[in-house]
K.L.:
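One structure is given below, represented as structure tokens, and several questions about it will come after.
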Number of protein chains: 2
Amino acid sequence: MPRINFQQQLVALKDKLLAMAALSQQSLEFSLEAYLTNDEGLCNHVREVEAAINAAETSVDEMAHDLLAKEQPMAIDLRFILSVIKINGDLERIGDQAANIAQRAAAMANYPQISLPVDIRTMGAKVGVMIRRAVQALLEADAKLAESVLAMDEEIDEMNRAVQAELVAVMQQHPLVAEQSLNAIIISRNLERAADHATNIAEDVIFWVRGSDVRHQVSLTHPE
Amino acid sequence: MPRINFQQQLVALKDKLLAMAALSQQSLEFSLEAYLTNDEGLCNHVREVEAAINAAETSVDEMAHDLLAKEQPMAIDLRFILSVIKINGDLERIGDQAANIAQRAAAMANYPQISLPVDIRTMGAKVGVMIRRAVQALLEADAKLAESVLAMDEEIDEMNRAVQAELVAVMQQHPLVAEQSLNAIIISRNLERAADHATNIAEDVIFWVRGSDVRHQVSLTHPE
């Protein structure tokens, strides 16, 4: 029963992608925590998670390529596998942003911690929600949930702009904390980029789900 | 002769990708020129090019998806089409970096132009070379040329770090130019990211070419 086997392989591919998503979400959480609590040990841990992310990314890609090569999937399955390949790339890039944040956190460990008038924690939590929703939308083939991610992206863009305006003013008034302020600006940008990748994932889910609707109609006229 | 037709379609796909590459290279050049010469008209032009990039990206993706769905390509052709999809995404992201730079340039138009101790022009020119080489490597299936792109990436990372260190010092000594300094830091980071995308493209070319070598050996034992 090769087709049943193929469906099982698609489920396995989805599971692999979920493991990848878990790693990249965790990496973002850890890196922010490392920055917010000045925890160098956690920075090192993010580097380990990054290696695991790279391995997971390769594993998803190889399985997807194998399925394309050996099973020659049609329509909905093809679209799903192509979405998985793209989503995998976005998850890896979220991991890159996390690695950048951890690098910043490590570089800052020697500077005195100061309190800046920006709320990176809340911003990070919102980006975490975006990633979680995008992945959940994939799991449940839920285009509406995916659309809610697109709406959140604008909110994050706005927060990022506010962080930057606020911290430029801080730098001008207190040049001695320019380094820490710049750091927070760049971490805010890293978060904004992670949000962009969550948005890309949500868009891919919408592409996949809408495709599956179209294909449903087609298969009514061409039952297999 | 459906297979000959398929080969023609692969050539057409490559041509489409080259048009996409030209747009994204141009967009990066224009945006830097807009920043360096404080040219608002050029900023607007970058926005028009961005719309063209988005259209070109969709066109490449659709053709690639169609080929996968209808032709069910094997081995080398499959690998090529998958590389095209990934490279297309990286070219689009280079366009995003260009759009960011143009946005920065437009925001800066009202500030007095000052001379900063960093060489964004040289950095931009090098990134331009990386993109050009990565695309040329794709055209000529030249893994060695692609490898030279990877080496340049480290140089750009180093330049980006130097720009940042230099400009943090400027901000500390001259708080009134914090805005312009931050701007240059962010543009330097945009260039560094564009270089990362050129590196991704080069890696995809290596993946594709090495794949084709392996497949060559296989086809000696399994002639079609």
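Just so you know, these numbers come straight off a predicted model, no measurement behind them. Here is the naming used below: chain letters follow the sequence lines, and residue numbers restart at 1 for every chain.
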K.L.:
Between CZ of B:Arg193 and CZ of A:Arg193, what distance do you get to the nearest 0.5 Å?
P.N.:
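Output value for this atom pair is 5.0 Å.
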K.L.:
As a quick check of understanding, evaluate side-chain contact (heavy atoms from CB on, under 4.5 Å) for A:Met171 and B:Glu179, giving each step before the final call.
P.N.:
CA-CA 9 Å; A:Met171 284 196 275; B:Glu179 192 84 53; over 6 Å; no
K.L.:
Tell me, yes or no, whether the heavy-atom count around B:Lys70 atom NZ, taken from other residues, nucleotides or ligands under 6.0 Å, exceeds 12.
P.N.:
no
K.L.:
Hey, could you give me the CD/CG distance between A:Gln172 and B:Leu182, rounded to the nearest 0.5 Å?
P.N.:
10.0 Å
K.L.:
Considering only heavy atoms, which portion of B:Leu68 lies under 4.5 Å from any heavy atom of chain A: side chain, backbone, both, or neither?
P.N.:
both
K.L.:
Carefully, step by step, assess B:Leu82 and A:Ile85 under the rule side-chain contact (heavy atoms from CB on, under 4.5 Å).
P.N.:
CA-CA 9 Å; B:Leu82 291 174; A:Ile85 291 173; 4.1 Å; yes
K.L.:
Any heavy-atom pair between the side chains of A:Arg93 and B:Asn200 that's under 4.5 Å?
P.N.:
yes
K.L.:
So which part of B:Asn183 gets closer than 4.5 Å to some heavy atom of chain A, the side chain, the backbone, both or neither?
P.N.:
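B:Asn183 has no heavy atom closer than 4.5 Å to chain A.
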K.L.:
Mind checking whether B:Arg79 and A:His65 have side chains closer than 4.5 Å, heavy atoms only?
P.N.:
no
K.L.:
Please flag which part of A:Asp66 lies under 4.5 Å from any non-hydrogen atom of chain B: side chain, backbone, both or neither.
P.N.:
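Neither; nothing under 4.5 Å.
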K.L.:
Looking at side-chain heavy atoms only, is the closest gap between A:Lys86 and B:Asp61 below 4.5 Å?
P.N.:
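Side chain of A:Lys86 against side chain of B:Asp61, heavy atoms only: contact under 4.5 Å found.
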K.L.:
Answer yes or no: does atom CD of B:Glu154 have more than 12 heavy-atom neighbours from other residues, nucleotides or ligands under 6.0 Å?
P.N.:
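No, CD of B:Glu154 has 12 or fewer neighbouring heavy atoms, counting only those of other groups under 6.0 Å.
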